[in-house]
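Taking it in order: structure first as structure tokens, then the write-up.
Any value given below was found using the heavy atoms of this structure, including those in side chains, with hydrogens, waters and symmetry copies removed.
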Amino acid sequence: IDLPPLTAGDALDCARAAAPDDVSALALESIVERADGVPRCVAGLARLAPAAGAASGPELGATPADLKDRIAGLLAELSQPARDVLALAAVFETAVSRAAIASVAGLSDQVIDAGFAEMCDLGLTDRVGRAGDARYRIRHRLIRETAYDLLPADRRRALHREIAEALLSLPDEATPDRLAWHHARAGDPAKAVAEYERAGQAAASRGDQALAADFFRAALGLLPDIAPQQDSAQTELRLLLQLGPQLRSELGLASDEVMAVYDRARSLALAAGQMDLAVMAPILTGLFAYSVVRADISAAIGLGAEYLSSAHETGESADLVAGNYMLGLGRFYRGHLDAANGYLACARQFHSAGQDSLHIERFAFNPAIGAGAYLAWIAALKGQAGATRTAIRRVLSEAKRQDQSSGTMFAQVLCAGVHAFMGQDAEAARLADAVVADGPGLVQWRAQARILTGRVRDRQGDPDGMV
């Protein structure tokens, strides 16, 4: 009986019914992804899933032996040229072109086309595009895995290495993440680390923080496989400093992973004697933000004092902006409004437009804008309505001029909070709604904006306001 593919929801229900008790949600999601909607695959994979917390048992990626044998038997019926083409396509993993296969195997176009035609007839592969420009995709993940596993391990490594080299002559195919993936499986971790770093930088520049974080994590995960060398600690430090901002945007400032990344980076910097703010600035500000959001104000004030002390040594105005902002923020949350006002005013005094790009590079936003927003809060708390309105207009105008999403969202969230405190619900909702609708940016600000919007609606009598 030829059954249609299951929907994701139906596949999840099927997996849950077939799996042992207490299987983790992560395991069930992995099963649904691997089974690709095929009912027999869902049930077979689910039966092998390990229970959550099991001390031993089948691996999450295990394939039922009977299912694997059936797939292997089907592949054995292919002609030898078709099996050769399938093996290469399995090692490529992604949809692959004739040119990519030919660049590695040295097979003629006729042999490659005939091999893919045979596999398409058997339902093993799909073709996208016309014959000359077609790309081929192995139809099911388990078929690819079986074809891949049938290759001896040394042959797989050799093919990954050949593919990585061949991709360099195919610019449209040679994305950094694909090169990294092949280098890693070829046993060349140093090359893989370099390419994963490039892939992370590219994803970060597009604003895809989650993907960038995955690539930087992948690079860090490969470092133990590289032979010890003098600059390995520097490579780790460099990767951590690039991972940190992505995690702050993706997971929020209070994430334990954010803390772990900056704590490890600080240890590496101290061990290397790299105490200058060019290295320590993002580390100290990352730990500072974590401490503030976790309400560890004593730690935040200590980090701010450390930063400002170093800033006085360098005499750089951009560092003085950041240091005064950090101490001002710490004093604000201690309730020392006059001291906070003094530090925040100093931060504004040392700021100039020429520093903006450096601030954004180091901190992902401009601390001078943060100082302006907190000065608005101080004025509001002191009942100075006119000064509050002036401060809000100034900081929102500066944020708009810089056209940097994280800084703009930060200013809007803080100013929305001031408006809400003053009972100006319409203005508070307008700014908070703009943050929620802004799309990419720091998850922290979007979450705070949603809370503010809920409070305003609750105050206006909406029973679902805070829901």
Handout entry: E427 and R430 ion-paired at < 4.0 Å
Key = yes
Practice task
In sequence, state the C-alpha distance, the side-chain angles, and the governing distance for L241 and V261, and then conclude on side chain to side chain contact (heavy atoms under 4.5 Å, CB included).
Solution key: CA-CA 8 Å; L241 293 182; V261 163; over 6 Å; no
Exercise for the section: Would you sort out whether F216 and L240 count as a side chain to side chain contact (heavy atoms under 4.5 Å, CB included), showing the intermediate values? Expected result: CA-CA 8 Å; F216 290 130; L240 289 169; over 6 Å; no
Handout entry: Any Y290 side-chain heavy atom under 4.5 Å of L253 side chain
Key = no
Practice task
Rounded to the nearest 0.5 Å, what's the gap from SG on C120 to CG on D126? Could you check?
Solution key: 6.5 Å
Handout entry: Test item: L223 and L239 side chains (from C-beta on) under 4.5 Å apart, heavy atoms
Key = yes
Exercise for the section: Would you check if the side chain of T146 reaches a backbone N or O of L142 as a donor-acceptor pair within less than 3.5 Å? Expected result: yes
Handout entry: Any donor-acceptor N or O pair under 3.5 Å, side chains R178, T94
Key = yes
Completion exercise
ring pair (Phe, Tyr, Trp, His ring centres under 6.0 Å) filter on H140, not counting sequence neighbours, yields none
Exercise for the section: Please round to the nearest 0.5 Å and tell me the distance separating atom CG of L414 and atom CG of L375. Expected result: 11.5 Å
Exercise for the section: With the side chain counted from C-beta on, respond yes when Q209 and L247 share a heavy-atom pair under 4.5 Å apart, and no when they do not. Expected result: no
Handout entry: Contact check, side chains of L78 and M119, non-hydrogen atoms, under 4.5 Å
Key = yes
Problem - Side chains of D84 and V111 in contact at under 4.5 Å (non-hydrogen atoms) - result: no
Practice task
Without swapping roles, check the side chain of S205 against the backbone of A202 for a donor-acceptor pair under 3.5 Å.
Solution key: yes
Handout entry: Pair E197 + R238, salt bridge at N-O below 4.0 Å
Key = yes
Problem - S169 side chain vs A166 backbone, donor-acceptor pair below 3.5 Å - result: yes
Problem - Side-chain donor/acceptor of R144 to backbone N/O of E93, under 3.5 Å - result: no
Handout entry: Non-hydrogen atoms of E250 and A213 that approach each other most closely
Key = OE1-CB, 3.7 Å
Exercise for the section: Could you verify whether a donor N or O on one side chain and an acceptor N or O on the other, from E316 and Q355, lie under 3.5 Å apart? Expected result: no
Exercise for the section: Check whether any side-chain heavy atom of Y333 sits under 4.5 Å from a side-chain heavy atom of Y374, and report yes or no. Expected result: yes
Problem - From R394 atom CZ to L396 atom CG, the distance as rounded to the nearest 0.5 Å - result: 11.5 Å
Practice task
Check the pair H351 / N366 against side chain to side chain contact (heavy atoms under 4.5 Å, CB included), numbers first and verdict last.
Solution key: CA-CA 10 Å; H351 174 256; N366 188 338; 3.4 Å; yes
Handout entry: Distance-minimising heavy-atom pair for G372 and V395
Key = C-CG2, 4.1 Å
Exercise for the section: Determine, for E195 against K191, whether the closest basic-nitrogen to carboxylate-oxygen distance falls under 4.0 angstrom. Expected result: no
Handout entry: Donor-acceptor contact below 3.5 Å, side chain S309 vs main chain A305
Key = no
Practice task
Looking only at non-hydrogen atoms, find the nearest pair between M326 and L284 and report the distance.
Solution key: CE-O, 4.0 Å
Problem - Distance (rounded to the nearest 0.5 Å) between I163 CD1 and S103 OG - result: 8.0 Å
Problem - Check: H182 ring centre within less than 6.0 Å of Y196 ring centre - result: no
Handout entry: R185 side chain to W181 backbone, donor-acceptor under 3.5 Å
Key = yes
Handout entry: Contacts of D256 that satisfy salt bridge (charged side-chain N to carboxylate O under 4.0 Å, His left out) - sequence neighbours left out
Key = R294
Practice task
Enter the distance from I138:CD1 to F116:CZ here, rounded to the nearest 0.5 Å.
Solution key: 7.5 Å
Handout entry: Where L222 and P189 come nearest, the two heavy atoms and their spacing
Key = O-CB, 4.1 Å
Exercise for the section: Give the intermediate values and the outcome of side chain to side chain contact (heavy atoms under 4.5 Å, CB included) for residues V279 and L237. Expected result: CA-CA 9 Å; V279 174; L237 177 60; 4.1 Å; yes
Practice task
With the side chain counted from C-beta on, respond yes when H312 and L320 share a heavy-atom pair under 4.5 Å apart, and no when they do not.
Solution key: yes
Practice task
Report the distance from atom CD of E306 to atom CG of L327, rounding to the nearest 0.5 Å.
Solution key: 11.0 Å
Exercise for the section: Compute whether any side-chain donor of one residue and acceptor of the other, for Y325 and Y307, lie under 3.5 angstrom apart. Expected result: no
Exercise for the section: Before accepting this row, confirm whether a basic side-chain N of the pair R266/D263 lies closer than 4.0 Å to the acidic partner's carboxylate O. Expected result: no
Problem - Residues forming a ring pair (Phe, Tyr, Trp, His ring centres under 6.0 Å) with F350, sequence neighbours excluded - result: none
Problem - R393 backbone acceptor or donor facing S397 side chain under 3.5 Å - result: no
Problem - Short N-O contact, D214 and R217, less than 4.0 angstrom - result: yes
Completion exercise
Residues L179 and A174: closest non-hydrogen pair is CD1-O, 3.9 Å
Practice task
Determine yes or no for a side-chain-to-main-chain donor-acceptor pair under 3.5 angstrom, with R198 supplying the side chain and P176 the backbone.
Solution key: no
Practice task
Answer whether the closest heavy-atom distance between the side chains of L329 and F288 falls below 4.5 Å.
Solution key: yes
Exercise for the section: List the atom of L452, the atom of A432, and the distance in Å for their closest heavy-atom pair. Expected result: CB-CB, 4.3 Å
Practice task
Establish, from distance only, whether the side-chain atoms of D10 and T7 form a donor-acceptor pair under 3.5 Å.
Solution key: yes
Problem - E257 and R248 ion-paired at < 4.0 Å - result: no
